[in-house]
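Presented below is the structure to which this report refers.
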Amino acid sequence: MNIEYKSKEIEEQCTSLKAARKLFGGDETLVVRLMSRINSFKAADTIKDIIVQRQFRFHKLENKGRSSYEGYFAVDVKTFKEPWRIIIRPLKSDMTPYIPCNIDEIADEVKYIEVSEVSKHYE
């Protein structure tokens, strides 16, 4: 798959060991897992290759309050017990989001994703 990043800062966090260490406060296990997840995204042919791997715990995000997460999904950086998530959004080949985003219907064709954030999303 091809990966787009929402910002230069997020791209740095996902591609630079130094930036990832800073993000995770020096936790090397999280740094290695983040880099591994990004490499897995790059190696996948479509998003379905990520969805079927249980260890990623690919899941849909729900709208909360004023935040709209329609069309966004999360993947665990390490495990369910860790609060860190990679927030992604499937994109069409013209780099526009799928609206509506019915992942079950489009999983075989999604070859582009946007990494929107790496954060403790649920805190």
Requested in this report: State whether the number of non-hydrogen atoms from other residues, nucleotides or ligands found under 6.0 Å of E28 atom CD is greater than 12.
Outcome: yes
Report task. Answer yes or no: are there more than 12 heavy-atom neighbours, outside K22 itself, under 6.0 Å from its atom NZ? Result ->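 At most 12 heavy atoms, drawn from other residues, nucleotides or ligands, come within 6.0 Å of this atom.
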Report task. Indicate yes or no: does E109 engage K48 in a salt bridge with an N to O separation below 4.0 Å. Result -> no
Requested in this report: Give a yes or no on whether a salt bridge exists between E114 and K6, defined as a side-chain N under 4.0 angstrom from a carboxylate O.
Outcome: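 Here E114 does not pair with K6 in a salt bridge, since their nearest N and O are not under 4.0 Å apart.
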Can you name the nearest heavy-atom pair linking [X] to [Y], along with the distance?
X: I47; Y: M1; answer: N-SD, 3.4 Å
X: P90; Y: G71; answer: CD-O, 3.4 Å
X: D45; Y: K111; answer: O-CG, 3.5 Å
X: A20; Y: L34; answer: CB-CD2, 4.3 Å
X: V77; Y: F24; answer: CG1-CZ, 4.2 Å

Rounded to the nearest 0.5 Å, how far apart are [atom1] of [X] and [atom2] of [Y]?
X: Y69; Y: R89; atom1: OH; atom2: CZ; value: 12.0 Å
X: E12; Y: I10; atom1: CD; atom2: CD1; value: 11.5 Å
X: T15; Y: I38; atom1: OG1; atom2: CD1; value: 8.5 Å
X: L61; Y: I88; atom1: CG; atom2: CD1; value: 9.5 Å
X: Y5; Y: C14; atom1: OH; atom2: SG; value: 5.0 Å
X: S119; Y: I86; atom1: OG; atom2: CD1; value: 10.0 Å

Hey, any chance [X] and [Y] share a hydrophobic cluster, counting ILVMFWY side chains that come within less than 4.5 Å of each other, even indirectly?
X: I50; Y: F73; value: yes
X: Y112; Y: V110; value: no
X: L17; Y: I3; value: yes
X: L91; Y: Y98; value: no
X: M35; Y: V115; value: yes

Query raised in the report: For the side chain of S36 and the backbone of V32, is there at least one donor-acceptor N/O pair under 3.5 Å apart?
Result: no
Query raised in the report: Is D27 reaching over with its side chain to a backbone N or O of T29, donor-acceptor style, under 3.5 angstrom?
Result: yes
Query - Candidate list H59, R33, R57, R37, test side chain to side chain donor-acceptor pair (under 3.5 Å), partner D76, passing option - result: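 Of the listed residues H59, R33, R57, R37, the side chain to side chain donor-acceptor pair (under 3.5 Å) partner of D76 is R57.
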Report summary line: Residues at least two apart in sequence or cross-chain that pass side-chain contact (heavy atoms from CB on, under 4.5 Å) with E82, listed by chain then number, are L30, K78, T79, W84
